[in-house]
Protein chains: 2
Amino acid sequence: MAEGGPQTRRSTPATLHDVAREAGVSLATASRSLNGSVRKVNEEYRERVLAAAAKLGYTPNLSAQAVARGTSTTVALLVADIADPYFSSIAAGVVGAAGDDRLIVTMAETKRDAERELELVRAMRGQRPRVMILSGSRTIGDPNAVALEAELTAYEQTGGRAVFISESDLPFRTLPLANRSGARDLAVELHGLGYRRFAALTGPETLRTTHDRVAGFAEGLASVGIRVPDDRLVRTAFTRDGGYDGMRRFIEAGLGDTQVVFALNDVMAMGAMSAMRDAGLEPGRDLAVAGFDDIPTVRDVTPRLTSVRMPLERIGEQALRLALDDEADAASARAASADVSTEVVIRESTPRVEA
Amino acid sequence: MAEGGPQTRRSTPATLHDVAREAGVSLATASRSLNGSVRKVNEEYRERVLAAAAKLGYTPNLSAQAVARGTSTTVALLVADIADPYFSSIAAGVVGAAGDDRLIVTMAETKRDAERELELVRAMRGQRPRVMILSGSRTIGDPNAVALEAELTAYEQTGGRAVFISESDLPFRTLPLANRSGARDLAVELHGLGYRRFAALTGPETLRTTHDRVAGFAEGLASVGIRVPDDRLVRTAFTRDGGYDGMRRFIEAGLGDTQVVFALNDVMAMGAMSAMRDAGLEPGRDLAVAGFDDIPTVRDVTPRLTSVRMPLERIGEQALRLALDDEADAASARAASADVSTEVVIRESTPRVEA
DNA sequence: TTGAAAGCGGTACCAC
DNA sequence: GTGGTACCGCTTTCAA
């Protein structure tokens with residue numbers, strides 16, 4: 001391209017001022033016609049302003065509005081990894097619900113790093129978001145927790161609303177997820193199918209979600225008098241690759257007489273099934289597999305994966321509702337969490353055990 | 001919870017003013033110490049300001065900064081459906097790259113609706129984002145195209161940068177995706193494996209991506225003297241359920257002697273494989289299947305899915321780079337698109353055809 | 001270097 | 001109802 005060639009004149013966006021002048025009314029009137037709360041503007045003026053705005057291609061400057069009004073229309077969302085179906089589904093719920101309320105959602109990734117998360121919270125506060133939703137699981141004994149609490153407390157004290165998806169131990173609104181009871185139910189159902197010898201592919205023990213799901217699963221089994229041997233609790237990363245790697249190691253170390261392995265989330269389960277195949281084992285036949293979350297793709301793997309359904313999109317929606325709902329008394333929180341309860345979905349990866 | 005219980009006093013965030021007062025310096029000095037471009041502030045003052053800011057928990061108000069500076073640090077991202085792995089991977093790329101540049105990304109979903117997309121572009125302009133990335137495929141003959149072009153032109157004229165991921169016909173920067181050549185390569189490779197009779201599960205014919213992939217596939221086959229019969233081009237939705245439904249219909253209508261079906265994207269392919277199984281057919285054995293995009297989960301389905309790899313995260317990154325790169329001469333665009341080229345990945349879903 | 005002050009684009013209170 | 005105007009929080013000239 002030729003340099004210095006003809007170039008459309010670069011201008012600046014039309015301002016409310018421009019609109020008012022064009023319409024021949026005052027700034028105040030223009031503001032009222034375009035955004036004003038209760039309409040109390042002469043119809044004729046109103047129309048002139050609207051016409052002027054259209055003609056000029058005026059779009060209100062949200063930043064300016066935020067400054068003037070002292071409140072923004074932003075909701076900040078923190079996820080561990082947006083490419084992970086668990087988080088992208090939650091994000092879809094948040095984005096959808098936010099759109100309904102004409103709120104804008106900004107997003108950042110913690111990469112499962114507590115330090116980074118803290119920095120991000122700090123950075124996002126700069127946007128003065130109305131709501132901040134933190135969706136990664138908490139880390140037990142996280143040294144950053146106190147700093148995070150301080151940061152969020154300051155945030156709330158200045159008018160913001162922090163919401164955790166999944167329990168946090170921190171004193172903020174929380175959308176509790178039925179990790180524990182879901183895992184418990186799963187254990188019982190599996191027992192009902194005839195399974196007696198279990199293993200689990202778990203995440204870092206400091207991850208609260210890991211802890212809750214393992215605990216729930218153990219409880220469920222305990223209720224029928226079964227225990228998972230320690231050497232059948234394989235610790236690995238909470239990701240697909242973690243699932244693959246954990247299963248590979250487990251196979252190498254010897255499955256023993258294990259009948260079914262509970263992978264703490266679906267992506268891990270999917271990785272685990274791949275590892276089995278790579279080792280010449282057929283999931284569902286040589287070893288049953290169950291996951292957790294019920295992400296959409298578990299219907300499309302073979303065998304279809306038994307899982308614990310979490311209504312992820314709805315969880316995203318409810319988290320936002322919980323934050324926005326200002327009479328967020330216990331009742332509303334209860335309603336929200338009831339709405340996101342789990343359900344065990346038995347599929348082919350855990351066939352009934354023949355007697 | 002008791003109503004009207006003790007409640008921490010709700011205050012407003014510390015302002016630069018507060019910091020300046022606390023540090024005993026002027027507003028200007030405080031501003032310069034905290035953000036100022038070239039440092040030219042007495043070290044002692046600087047420290048006092050920093051200390052005051054820390055003490056007060058000061059975070060600059062991004063909106064106010066945007067208003068005062070006349071430029072924001074926002075990048076707006078439009079996707080069709082964030083829960084779809086294709087888009088969530090691209091989003092991950094954008095979010096990652098934006099984070100490196102300390103940019104904030106805001107996201108909205110078009111739900112594949114051109115009307116809605118137009119509205120969203122309009123709404124997002126209110127944020128005065130530095131960059132706007134539109135990642136859904138274009139619709140051929142979209143009546144909204146002219147309005148969209150007008151809106152984006154106005155946006156660019158006022159300093160913004162619009163970038164399309166995938167060709168658009170609209171006069172804006174574009175990160176071209178190798179849909180056509182990728183599909184062409186796939187066709188040739190499949191032919192090389194011995195396949196001779198093809199079918200395709202395609203999206204709406206008005207969807208540019210559909211068009212390009214179908215055209216490329218047809219070209220590739222044409223180069224080896226093969227043609228896909230019209231009645232083996234099944235039109236369906238560009239989603240997992242579309243793939244399922246299209247395959248179901250195709251099976252009902254009769255597969256004939258079809259050897260392999262090309263699903264225009266991986267999620268469709270996964271749906272299609274499930275439909276086959278539900279109909280008692282084994283993918284890869286009774287009928288080969290190939291997809292496109294190479295989303296992460298295709299490694300974990302059975303049989304592993306042959307696909308055309310698109311470096312989705314990198315695509316997201318490059319789209320942002322392309323927008324930000326101000327000497328975005330042809331060279332940079334070329335470099336970016338070279339970086340996002342495709343590669344056919346043959347897996348078990350398309351076994352070599354025995355002679 | 002530092003500080004006073006004039007904006008930036010809007011909102012909303014206060015008279016008229 | 002309408003317009004004048006004092007802010008909102010921050011940046012950036014411009015003098016001192």
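First the proteins, then the strands, lettered A, B, ... as listed; each starts at 1.
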### Query
Does B:Gln65 place a side-chain N or O at less than 4.0 Å from the phosphate oxygens OP1/OP2 of D:dT11?
yes
### Task
With the side chain of A:Val67 defined as its heavy atoms from C-beta on, choose the nearest nucleotide among C:dT11, D:dG9, D:dT2.
D:dG9
### Task
Under 4.0 Å between any heavy atoms, over every strand shown, what does B:Ser33 touch: base, sugar-phosphate, or nothing? Just pick one.
nothing
### Task
Scan A:Pro13 against the nucleic acid and name what it touches under 4.0 Å (heavy atoms): base, sugar-phosphate only, or nothing.
nothing
### Message
Ignoring hydrogens and geometry beyond distance, is the side chain of A:Arg32 in donor-acceptor contact with the base of D:dG3 at under 3.5 Å?
### Response
yes
### Task
Rounded to the nearest angstrom, tell me the gap between atom CG in A:Leu16 and atom P in C:dT11.
6 Å
### Message
What is the separation between atom CG on B:Leu62 and atom P on D:dT11, rounded to the nearest whole Å?
### Response
10 Å
#### Entry: Polar contact flag, side-chain donor to acceptor under 3.5 angstrom, A:Gln127-A:Thr106
yes
### Message
How many whole angstroms separate atom CG of B:Asn61 from atom C1' of C:dG10?
### Response
14 Å
### Message
Taking only side-chain N and O atoms of B:Asn42, does any of them lie within less than 4.0 angstrom of OP1 or OP2 on C:dT2?
### Response
yes
### Message
How many whole angstroms separate atom CG of A:Asp18 from atom P of C:dG10?
### Response
9 Å
### Task
Looking at every strand, decide which applies to B:Ser31 at a 4.0 Å heavy-atom threshold: base, sugar-phosphate, or nothing.
base
### Query
Is the distance from OP1 or OP2 of C:dG3 to the nearest side-chain N or O of B:Thr29 less than 4.0 Å?
yes
### Query
Would you call A:Arg138 and A:Glu167 a salt bridge, using N to O less than 4.0 angstrom?
no
### Task
State, with a plain yes or no, whether a side-chain heavy atom of A:Val163 is found less than 4.5 Å away from one of A:Phe172.
no
### Message
From NE2 of B:His17 over to P of C:dA4, roughly how many Å is that when rounded to an integer?
### Response
10 Å
### Summary
Residue pair B:Ala28/B:Ala68 against DNA chain C: nearer the 5' end by closest nucleotide is B:Ala28
### Query
Can you check whether A:Ser26 has a side-chain N or O nearer than 4.0 Å to OP1 or OP2 of D:dG3?
yes
### Query
Quick one: A:Arg48 CZ to D:dG1 P, roughly how many Å, whole number?
17 Å
### Task
Rounded to the nearest angstrom, tell me the gap between atom CG in B:Leu27 and atom C1' in D:dC7.
14 Å
### Query
Quick one: B:Arg21 CZ to C:dT2 C1', roughly how many Å, whole number?
19 Å
### Query
Within the pair A:Asn35 and C:dT11, is there a side-chain N or O less than 4.0 Å away from OP1 or OP2?
yes
### Task
Report yes if the side chains of B:Met132 and B:Val121 come closer than 4.5 Å at any heavy-atom pair, otherwise no.
yes
### Message
Given D:dT2, D:dC10, C:dC8, identify the nucleotide with an atom nearest to the side chain of B:Tyr58.
### Response
D:dC10
### Task
Check the pair B:Asp84 / B:Arg112 against salt bridge (charged side-chain N to carboxylate O under 4.0 Å, His left out), numbers first and verdict last.
CA-CA 12 Å; B:Asp84 182 319; B:Arg112 300 189 160 81; 3.6 Å; yes
